[in-house]
Amino acid sequence: MALFISSQYEIEPILFCDTSHRIERENIKTIIVDKGPDSVDFKLLSVLKRGDIVITGDYGLAAMCIAKGGIVVNHNGKELTSDNIDQLLAYRFESAKIRRAGGRTKGTKKRTEENNLEFEHKFRQICERAIFHREV
């Protein structure tokens, strides 16, 4: 879906992965980096420019992208911004603390058609905003 939408706005999609997760898709530029802790994140951050769109569910990566001026959306269509990232990072921290203590936390819910529609709607909005800022 993101590939189709980005092509409508003439935005080149780029997929970042490491050598242990080689993922290649037609019509998507793929950047493969050596396997290592956060190597994909560091590569993405090294090429990220203000106004670039990043799709991720990793709150730590999202925070760094936001700090560099990136526009971040998760797979369900929620935009991650400087207004909500601190709360999401705090939730991640508390959940990790519970798991380290032997507790359990809820996993992610199964994706729904509503999630797909929300993502499509938000991604189109973000693409339009990115194109507008590129032209200004």
Side-chain angles (χ1 to χ4, degrees):
M1 181 183 330
L3 173 62
F4 174 73
I5 294 169
S6 62
S7 68
Q8 290 179 324
Y9 292 94
E10 297 179 2
I11 295 173
E12 178 187 30
I14 303 172
L15 180 75
F16 292 83
C17 61
D18 67 27
T19 54
S20 64
H21 298 95
R22 256 190 132 96
I23 305 168
E24 297 193 37
R25 300 283 190 267
E26 191 174 326
N27 300 319
I28 297 179
K29 178 179 178 180
T30 302
I31 295 178
I32 301 170
V33 300
D34 289 335
K35 183 179 173 185
D38 302 317
S39 60
V40 173
D41 296 359
F42 293 132
K43 179 61 179 179
L44 186 152
L45 289 164
S46 75
V47 300
L48 184 73
K49 297 183 298 297
R50 178 171 289 287
D52 283 352
I53 302 167
V54 177
I55 302 170
T56 186
D58 180 327
Y59 298 150
L61 175 61
M64 291 184 285
C65 291
I66 292 165
K68 284 196 73 172
I71 302 168
V72 183
V73 63
N74 74 12
H75 302 88
N76 290 327
K78 178 177 182 160
E79 187 170 359
L80 308 178
T81 68
S82 57
D83 293 332
N84 64 17
I85 195 66
D86 288 340
Q87 179 182 3
L88 295 168
L89 287 168
Y91 175 77
R92 180 183 78 162
F93 175 76
E94 290 301 321
S95 295
K97 202 162 68 170
I98 291 167
R99 288 190 301 276
R100 279 194 305 273
R104 299 186 72 170
T105 57
K106 291 183 180 181
T108 55
K109 295 179 183 174
K110 184 178 178 183
R111 231 179 133 64
T112 66
E113 182 59 31
E114 185 177 328
N115 295 137
N116 293 337
L117 294 173
E118 287 175 25
F119 175 81
E120 181 179 355
H121 177 73
K122 178 54 91 173
F123 191 62
R124 284 184 187 283
Q125 286 179 335
I126 289 171
C127 287
E128 288 173 12
R129 194 167 74 221
I131 293 297
F132 175 76
H133 288 296
R134 191 170 24 174
E135 293 174 352
V136 173

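Here the side chains of Ile71 and Arg129 are in contact, with some heavy-atom distance below 4.5 Å. At least one side-chain heavy atom of Leu61 sits less than 4.5 Å from a side-chain heavy atom of Leu45. Residues Lys49 and Asp52 have side chains in contact (heavy-atom distance under 4.5 Å, counting atoms from C-beta outward).
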Step by step, work out the side-chain contact (heavy atoms from CB on, under 4.5 Å) result for Glu79 and Val72. CA-CA 6 Å; Glu79 187 170 359; Val72 183; over 6 Å; no
Hey, mind stepping through Leu44 and Asp41 against side-chain contact (heavy atoms from CB on, under 4.5 Å) and telling me if it holds? CA-CA 5 Å; Leu44 186 152; Asp41 296 359; 5.8 Å; no
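Around NZ of Lys122, the count of heavy atoms belonging to other residues, nucleotides or ligands within 6.0 Å exceeds 12. Heavy atoms from other residues, nucleotides or ligands lying under 6.0 Å from CD of Glu12 number more than 12. Residue Gln8 qualifies as enclosed at atom CD: its count of foreign heavy atoms under 6.0 Å is above 12.
No side-chain donor-acceptor contact under 3.5 Å links Ser7 to the backbone of Glu10. Counting only distance, with no hydrogens or angles, the side chain of Ser39 and the backbone of Lys35 share no donor-acceptor pair below 3.5 Å.
Here Phe123 contributes atom CZ and Phe4 contributes atom CZ; the two are 12.0 Å apart, rounded to the nearest 0.5 Å. Interatomic distance, CZ of Arg104 versus CD1 of Ile98, reported as 12.5 Å (0.5 Å rounding). For the atom pair CD1 of Ile5 and NE2 of His121, the computed distance is 11.0 Å after rounding to the nearest 0.5 Å. With values rounded to the nearest 0.5 angstrom, Tyr59 atom OH is found 14.5 Å from Cys65 atom SG. Phe119 contributes atom CZ, which lies 12.0 Å from atom CG of Leu117 (distance to the nearest 0.5 angstrom). With rounding to the nearest 0.5 Å, the separation of CD in Glu118 from NZ in Lys78 is 11.0 Å.
Linking Ile, Leu, Val, Met, Phe, Trp and Tyr residues whenever their side-chain heavy atoms come within less than 4.5 Å leaves Met64 and Ile55 in two separate clusters. Under the 4.5 Å side-chain heavy-atom criterion for grouping Ile, Leu, Val, Met, Phe, Trp and Tyr, Leu48 is not connected to Ile53 through any hydrophobic cluster. Hydrophobic cluster membership is shared by Leu80 and Leu89, with clusters built from Ile, Leu, Val, Met, Phe, Trp and Tyr side chains linked at under 4.5 angstrom. In terms of hydrophobic clustering, with Ile, Leu, Val, Met, Phe, Trp and Tyr side chains grouped at heavy-atom distances under 4.5 Å, Ile11 and Ile126 are assigned to a common cluster. Phe16 and Phe42 sit in two unconnected hydrophobic clusters of ILVMFWY residues. Membership requires side-chain heavy atoms under 4.5 Å apart, directly or through other members.
One finds no salt bridge joining Arg124 and Glu128 here, because no Lys/Arg side-chain nitrogen approaches an Asp/Glu carboxylate oxygen to under 4.0 Å. A salt bridge does not link Arg99 to Glu94: none of the charged nitrogens lies less than 4.0 Å from a carboxylate oxygen.
When all heavy atoms of Ala130 and Gly51 are compared, the closest pair comes out as CB-O, 4.0 Å. Minimum heavy-atom separation, Ile23 to Cys17: N-SG, 3.5 Å.
Looking at residues two or more places apart in sequence or on another chain, you find no salt bridge (Lys or Arg N to Asp or Glu O under 4.0 Å) involving Lys110. When the salt bridge (Lys or Arg N to Asp or Glu O under 4.0 Å) test is applied to Lys68, no partner is found at least two apart in sequence or on another chain.
Between the side chains of Ser20 and Asp18, at least one donor N or O lies within less than 3.5 Å of an accepting N or O.
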May I have the list of side-chain donor-acceptor pairs in residues 25-34 shorter than 3.5 Å, sequence neighbours left out?
none

